[in-house]
Amino acid sequence: MMSSDKELNSPRERTATIISKIHAASDVVELIMEINEGREAAMLGSRFSSPLPGQFAHIAVPGSFLRRPLSVAGFDDESGRLRIIVRRAGKGSSALASLPVGSSLNLLFPLGNPFPMELIESFGKVWIVAGGIGLAPLLFAARRASQRRLAVRSFVGFRDDTHVFGVEELEEYGPVSLVVGGVVTERLSEVMDREAPGLIFACGPAPMLGALRLVCAPRGVRAFVSLEERMGCGVGACLVCNCGIKSPDGFAYKRVCADGPVFDISEVGFE
Ligand SMILES: Cc1cc2nc3c(=O)[nH]c(=O)nc-3n(C[C@H](O)[C@H](O)[C@H](O)COP(=O)(O)OP(=O)(O)OC[C@H]3O[C@@H](n4cnc5c(N)ncnc54)[C@H](O)[C@@H]3O)c2cc1C
Ligand code: FES
């Protein structure tokens with residue numbers, strides 16, 4: 001029996017088939033997966049409602065006991081096709097990136113709290129700040145903002161030329177400042193000195209996010225960051241992914257999987 005739309009939206013275990021695989025950059029592979037229920041919904045004229053930018057899939061990887069969290073880098077509402085961009089960081093991500101087209105995967109999806117897309121309108125524009133593979137969830141955010149005719153400007157940094165990906169796509173949505181081998185937040189800071197910033201969405205290595213906070217805080221610029229932590233369950237039960245958050249009482253632990261991965265930058269410590 002066909003599941004209801006409400007069931008299709010809820011985070012739960014699903015199966016997916018890899019239908020395309022592209023080498024995007026050194027050590028980076030883009031996978032398009034068909035979520036099997038999404039295809040079923042499309043065939044019946046129903047809709048598999050979108051995951052939102054900032055949400056992730058917790059993917060069972062062959063040969064590993066634990067699932068690996070990967071951001072939604074895109075999603076096609078009509079077909080239920082999910083885009084994931086994987087960097088070979090270690091055993092699990094390398095195994096995933098090595099799977100051939102036609103492979104079946106098991107995933108928990110969609111998980112986590114998204115970027116606050118609804119806030120962009122009150123700022124008039126969104127600024128994307130990304131470092132390396134942190135661009136993956138932000139490609140989805142930029143696309144969705146652009147589809148809503150919101151202005152998008154991007155600042156993106158990569159270690160070297162061989163690691164660059166996604167820039168031509170970002171240029172479809174608005175101006176892009178590309179920094180290769182330098183510090184992307186320095187470029188951001190220069191532009192902020194002459195242009196009123198938009199709402200910032202960011203993802204990247206912790207030192208980049210720490211530098212971003214130092215750029216934003218004195219200027220009172222609002223920013224939301226997607227954090228990366230090792231995960232166990234992915235659904236808030238095991239506390240493996242705890243991170244320190246500022247609270248009215250001083251300091252509290254929150255779970256990146258269930259309370260995040262997106263947080264207001266003013267709450268987060270990057271030390
Ligand atoms: C919400 C979320 C979204 C993510 N989205 C993406 C994505 O779109 N694309 C992508 O390539 N990666 C993404 N990551 C990171 C990805 O989950 C890790 O690179 C992967 O789980 C590492 O597993 P591994 O077995 O390959 O590496 P391991 O052998 O376990 O570790 C290799 C290296 O990666 C570090 N690492 C391990 N787990 C994580 C983790 N969860 N986050 C950050 N660093 C880690 C380790 O400290 C070590 O330095 C995301 C992480 C989170 C939490
Ligand atoms: S991974 Fe288990 S609580 Fe977050």
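Counting starts at 1 for both ligands and their atoms, in listed order. Keep in mind that the numbers below use all heavy atoms, side chains included, and drop hydrogens, waters and symmetry copies. Remember, it's a predicted structure, so these values are computed and weren't measured experimentally.
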Can you find an N or O of [X] that's nearer than 3.5 Å to an N or O of ligand 1?
X: Gly92; result: yes
X: Leu227; result: no
X: Glu229; result: yes

Have a look at [options] and point out the one with the heavy atom closest to [atom].
atom: atom 17 (O) of ligand 1; options: Gly234, Pro69, Pro137, Gly54; answer: Pro69
atom: atom 1 (C) of ligand 1; options: Ser94, Ser64, Pro261; answer: Pro261
atom: atom 19 (O) of ligand 1; options: Ala89, Ala57, Cys241, Ala97; answer: Ala89
atom: atom 28 (P) of ligand 1; options: Arg230, Arg83, Arg67, Arg87; answer: Arg230

Can you report which non-hydrogen protein atom sits closest to [atom], along with the distance?
atom: atom 3 (C) of ligand 1; answer: Ser71 OG, 3.2 Å
atom: atom 42 (N) of ligand 1; answer: Glu228 CB, 3.6 Å
atom: atom 21 (O) of ligand 1; answer: Arg68 CD, 3.2 Å
atom: atom 27 (O) of ligand 1; answer: Gly90 CA, 3.4 Å
atom: atom 3 (S) of ligand 2; answer: Leu239 N, 3.1 Å

Determine if the distance from atom 49 (O) of ligand 1 to the closest protein heavy atom is below 4.0 Å.
-> no
Scan the protein's non-hydrogen atoms and note whether one is under 4.0 Å from atom 45 (C) of ligand 1.
-> no
Within reach of ligand 1, part of Leu70 (heavy-atom separation under 4.0 Å) | both
Side chain, backbone, both or neither: the part of Ile85 lying under 4.0 Å from ligand 1 by heavy atom | backbone
Run through Ile22, Leu70, Val29, Val28 and flag the one making a side-chain contact (heavy atoms from CB on, under 4.5 Å) with Ile85.
-> Val28
Polar side chain donor-acceptor pair, [X] to [Y], under 3.5 angstrom:
X: Arg81; Y: Ser20; value: no
X: Ser266; Y: Arg222; value: no
X: Asn106; Y: Thr15; value: no

Can [X] and [Y] be counted as an ion pair, charged N to O under 4.0 angstrom?
X: Glu228; Y: Arg87; result: no
X: Glu172; Y: Arg143; result: no
X: Lys21; Y: Glu30; result: no

Using a cut-off of strictly less than 2.8 Å, determine whether Cys257 has an N/O/S atom near atom 2 (Fe) of ligand 2.
-> no
Hey, is there an N, O or S on Cys241 sitting under 2.8 Å from atom 2 (Fe) of ligand 2?
-> no
Please answer whether the main-chain N or O of Ala142 pairs with a side-chain N or O of Ser146 as donor and acceptor at a distance below 3.5 Å.
-> no
Without swapping roles, check the side chain of Ser103 against the backbone of Leu99 for a donor-acceptor pair under 3.5 Å.
-> no
For the residue pair Phe165 and Phe158, is the inter-centroid distance of their aromatic rings smaller than 6.0 Å?
-> yes
Phe224/Phe115 aromatic ring centres below 6.0 Å | no
Heavy-atom contacts with [X] under 4.0 Å: which atoms of ligand 1 show up? List them by number with element.
X: Met231; value: 53 (C)
X: Ser93; value: 24 (P), 25 (O), 26 (O)
X: Ala136; value: 8 (O)

Atoms of ligand 2 less than 4.0 Å from Gly234 heavy atoms?
-> 1 (S), 2 (Fe)
Would you mind listing which atoms of ligand 2 come within a distance below 4.0 Å of any non-hydrogen atom of Ala237?
-> 3 (S)
Given the rule that I, L, V, M, F, W and Y join up when any side-chain heavy atoms are under 4.5 Å apart, are Leu52 and Leu150 in one cluster?
-> no
Does the salt bridge (charged side-chain N to carboxylate O under 4.0 Å, His left out) test come out yes or no for Glu13 and Arg67, once each step is laid out?
-> CA-CA 12 Å; Glu13 204 169 353; Arg67 291 172 182 269; 3.6 Å; yes
Close approach, Val86 and ligand 1, non-hydrogen under 4.0 angstrom = yes
Other residues, nucleotides, ligands: >12 heavy atoms within 6.0 Å of Arg219 CZ | yes
